[in-house]
Visitor: 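Sending over a structure as structure tokens; questions will come in a sec.
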Amino acid sequence: TSVNGYEPESVDSYEAGLKGYFFDRRLSLNTAIFYAKYKDQQITQQTPVGASIASQVLNVGKSHIYGAEFEGQANFTQSLFANFSLGYTKAEFDEYRALDLTRTPPVVRDFADERVFQNTPKWNGSVSLTYKADLGDNGSIAFIPSASYRSSFNMFEIPSRLDQDSYWLLDASIVWTSADDHYRVG
């Protein structure tokens with residue numbers, strides 16, 4: 001338990017990727033795949049104690065995470081370009097040893113099949129379009145609509161009513177930049 005401290009966690013992490021420019025550098029693409037294997041993974045456990053909650057850091061065991069990321073920028077004209085990204089993450093506990101407080105007396109057992117990674121959506125992505133108009137000595141103005149997506153995720157390792165459903169965020173902004181590029185408002 002963390003009353004007596006906890007051990008450092010260790011991770012073996014691997015990543016490979018490619019970056020490139022295409023169509024006379026009008027399209028840039030970046031891709032990556034990754035894999036990580038944790039040992040002595042640390043988690044912060046929230047335990048109800050009367051009317052409050054006690055937090056403690058525990059080494060619960062092992063896990064692995066893998067996924068891929070893809071992002072890019074497309075320049076359609078000197079005034080119009082788009083940014084886009086897409087990410088996928090799969091995270092699972094292979095071992096999650098913790099005290100089972102539902103048993104009498106409490107015993108340490110493996111909860112790996114019942115626990116999930118917190119704040120780790122499986123999918124996320126975004127897209128934005130920027131139109132920039134040159135105003136000569138008065139600087140420039142840009143209009144930037146965007147959308148981003150995040151799939152459902154858990155707030156804690158134990159699924160609960162506080163978990164977040166998937167959602168989209170839509171945004172738009174107008175940004176003025178001075179001709180000397182020293183000032184920006186938007």
Visitor: Could you list who else is in Val175's hydrophobic cluster, with ILVMFWY side chains joined at under 4.5 Å, directly or through other members?
Guide: Ile144
Visitor: Kindly write out the residues that satisfy salt bridge (Lys or Arg N to Asp or Glu O under 4.0 Å) with Arg109, not counting sequence neighbours, or none if the list is empty.
Guide: Asp100, Glu114
Visitor: Quick one: which of Gln41, Lys62, Lys37 gives a side chain to side chain donor-acceptor pair (under 3.5 Å) with Asp94?
Guide: Lys37
Visitor: When you look at OH of Tyr167, are more than 12 heavy atoms from neighbouring residues, nucleotides or ligands closer to it than 6.0 Å?
Guide: yes
Visitor: Can you tell me how the ring of Tyr66 sits relative to the ring of Tyr35, calling it parallel under 30°, perpendicular over 60° and tilted otherwise?
Guide: parallel
Visitor: Name all pairs fulfilling the side chain to side chain donor-acceptor pair (under 3.5 Å) condition that reach into residues 13-32, sequence neighbours left out, sorted by first residue then second.
Guide: Asn30-Glu71
Visitor: Which residue pairs satisfy the salt bridge (Lys or Arg N to Asp or Glu O under 4.0 Å) criterion with at least one member in residues 173-186, sequence neighbours excluded?
Guide: Asp181-Arg184
Visitor: Taking only distance into account, with no hydrogens and no angle test, what donor-acceptor pairs under 3.5 Å do side-chain atoms of residues 77-87 form with protein atoms, sequence neighbours excluded?
Guide:
from	atom 1	to	atom 2	distance (Å)
Thr77	OG1	Ser79	N	3.1
Thr77	OG1	Leu80	N	3.0
Ser79	OG	Lys132	O	3.3
Asn83	OD1	Gln73	NE2	3.3
Ser85	OG	Ser126	N	3.4
Ser85	OG	Ser126	OG	2.8

Visitor: Taking atom CD1 of Ile33 as the centre, does the number of heavy atoms from other residues, nucleotides or ligands within less than 6.0 Å exceed 12?
Guide: no
Visitor: For Phe153, does the CZ atom sit with more than 12 other heavy atoms under 6.0 Å from it, leaving out its own atoms?
Guide: yes
Visitor: Can you measure from CD (Gln118) to CD1 (Ile43) and round to the nearest 0.5 angstrom?
Guide: 8.0 Å
Visitor: Please round to the nearest 0.5 Å and tell me the distance separating atom CD of Glu92 and atom CZ of Phe117.
Guide: 9.0 Å
Visitor: Taking everything shown except Asp137 itself, do over 12 heavy atoms lie less than 6.0 Å from its CG?
Guide: no
Visitor: Please list, chain by chain and in numerical order, all residues satisfying side chain to side chain donor-acceptor pair (under 3.5 Å) with Ser140, sequence neighbours excluded.
Guide: none
